[in-house]
Amino acid sequence: MSNTYLVGEQTKRRIFKESKKLFYKKGFTETTYDEISTAAKINRALIPYHFKNKMILGQEIYNELMKEFTTSLDLILDTEQFSSELTGVIHIMAYYRLLANPRYCRFVFQLLSDEDFSISLSEDQNLITYCLGSKTSRFDSTDIDIICQMGTGIKKEIIRIIYTDKKETDIDHLVMIKLHMLLGYIGYSKKKIDELADAAITLLNLLSFQVKNNFTIEITYK
């Protein structure tokens, strides 16, 4: 491995690290290339060289955060002991609880405001895959794509409500509406959906979610 490659990777990681801090402190939209380059102590031109544009940088940070968050959540709850459908509901409800942090919610909302940002579908796709199970034969690929797109549209609206609502938002209630729309369409009964959601809420109420000032997510038992 060449020294040039190593230096390049170190520079990329420094840009990534300092951008996370600035996006947390100032906001994604408000942070400039000049501020990132100053914080990372690099030439400004190296930012688009490594990430092409700020939206790609923001999306890579978002994707890494989601991967770390899901991994930590699965580890602390030991989700392997649960059914795949319950794990899917836990992932979705936990995702929205994380948005209770105003700075993290601002970051996600500002990413969504850019037409070039394609929000991760992983949580919705995983849930739909888990819950289709034996029902898969009832749906073709077009049907499944429509369900996933519907889930994404609802996700964007919930994020907007959480970010813009001046009153205290009942996040679990909003997510319950989403679950009933998605799982109800697939064929789950209201009773089954409520059972899954109640079980997920009971487990999540045992946990505390914190977002540190460099977008490090910490999950602990209360």
Side-chain angles (χ1 to χ4, degrees), residues 16 20 59-101 104-105 107-108 118-139 141 143-152 154-156 158-159 162 170-212 214-222:
F16 197 86
K20 285 171 67 176
Q59 185 158 1
E60 287 197 21
I61 289 174
Y62 173 86
N63 289 339
E64 181 182 89
L65 288 172
M66 287 299 94
K67 182 178 179 180
E68 291 176 352
F69 176 60
T70 302
T71 299
S72 297
L73 183 64
D74 287 341
L75 183 62
I76 195 169
L77 286 179
D78 188 17
T79 54
E80 289 186 359
Q81 65 182 304
F82 305 132
S83 67
S84 55
E85 58 188 2
L86 176 56
T87 299
V89 172
I90 289 171
H91 285 173
I92 283 192
M93 300 202 81
Y95 172 87
Y96 290 103
R97 286 199 176 192
L98 193 61
L99 292 168
N101 179 282
Y104 179 72
C105 189
F107 171 63
V108 177
S118 176
I119 192 166
S120 171
L121 291 174
S122 61
E123 299 86 6
D124 296 325
Q125 286 178 332
N126 285 341
L127 176 69
I128 291 165
T129 300
Y130 294 153
C131 293
L132 278 173
S134 61
K135 302 179 180 67
T136 304
S137 59
R138 292 173 46 195
F139 302 95
S141 59
D143 292 327
I144 295 174
D145 183 60
I146 289 173
I147 297 170
C148 288
Q149 292 301 323
M150 183 172 67
T152 302
I154 299 171
K155 172 183 281 187
K156 290 181 178 181
I158 292 176
I159 293 169
I162 295 172
D170 187 341
I171 295 175
D172 286 347
H173 177 69
L174 292 177
V175 182
M176 286 284 284
I177 295 173
K178 172 176 180 171
L179 290 173
H180 277 283
M181 292 180 70
L182 289 180
L183 300 188
Y185 183 83
I186 290 173
Y188 277 71
S189 67
K190 180 180 183 303
K191 179 181 178 182
K192 180 61 176 179
I193 297 169
D194 286 339
E195 288 176 353
L196 289 169
D198 289 343
I201 289 171
T202 298
L203 290 165
L204 293 175
N205 283 344
L206 300 173
L207 305 177
S208 174
F209 301 95
Q210 294 186 347
V211 183
K212 304 295 186 178
N214 60 349
F215 275 142
T216 300
I217 299 171
E218 185 177 279
I219 307 174
T220 58
Y221 278 101
K222 292 180 179 178

Is [Y] close to [X] at the side-chain level, that is, under 4.5 Å between some pair of heavy atoms?
X: L179; Y: L196; result: no
X: Y188; Y: L182; result: no
X: N101; Y: F209; result: no
X: V211; Y: F107; result: no
X: R97; Y: I201; result: yes
X: D194; Y: H180; result: yes
X: D170; Y: L174; result: no
X: I159; Y: L99; result: yes

Nearest heavy atoms of I219 and S72, plus distance in Å
CD1-CB, 3.9 Å
When every non-hydrogen atom of A94 is compared with those of L204, the smallest separation belongs to N-CD1, 3.7 Å
In terms of heavy-atom contacts, does CD of Q81 have more than 12 from other residues, nucleotides or ligands at under 6.0 Å?
yes
Derivation and outcome, side-chain contact (heavy atoms from CB on, under 4.5 Å), residues E68 and I217
CA-CA 8 Å; E68 291 176 352; I217 299 171; over 6 Å; no
Distance-only, no hydrogens or angles: does the Y221 side chain make a donor-acceptor pair with backbone N or O of I76 under 3.5 Å?
yes
Looking at N205, is its backbone amide N or carbonyl O close enough to the side chain of K222 to form a donor-acceptor pair, meaning the two atoms are under 3.5 Å apart?
yes
Go through it in stages, so that I can follow the logic: the residues are L77 and L207, the test is side-chain contact (heavy atoms from CB on, under 4.5 Å), and I'd like the CA-CA distance, side-chain angles, deciding distance and then a yes or no.
CA-CA 9 Å; L77 286 179; L207 305 177; 4.0 Å; yes
Give the C-alpha distance, both sets of side-chain angles, the deciding distance and a yes or no for side-chain contact (heavy atoms from CB on, under 4.5 Å) between T70 and Y95.
CA-CA 9 Å; T70 302; Y95 172 87; over 6 Å; no
Quick one, V89 with V175, criterion side-chain contact (heavy atoms from CB on, under 4.5 Å). Give me CA distance, side-chain angles, the key distance, then yes/no.
CA-CA 10 Å; V89 172; V175 182; over 6 Å; no
Do K178 and Y96 meet the criterion of a side-chain donor-acceptor pair at a distance under 3.5 Å?
yes
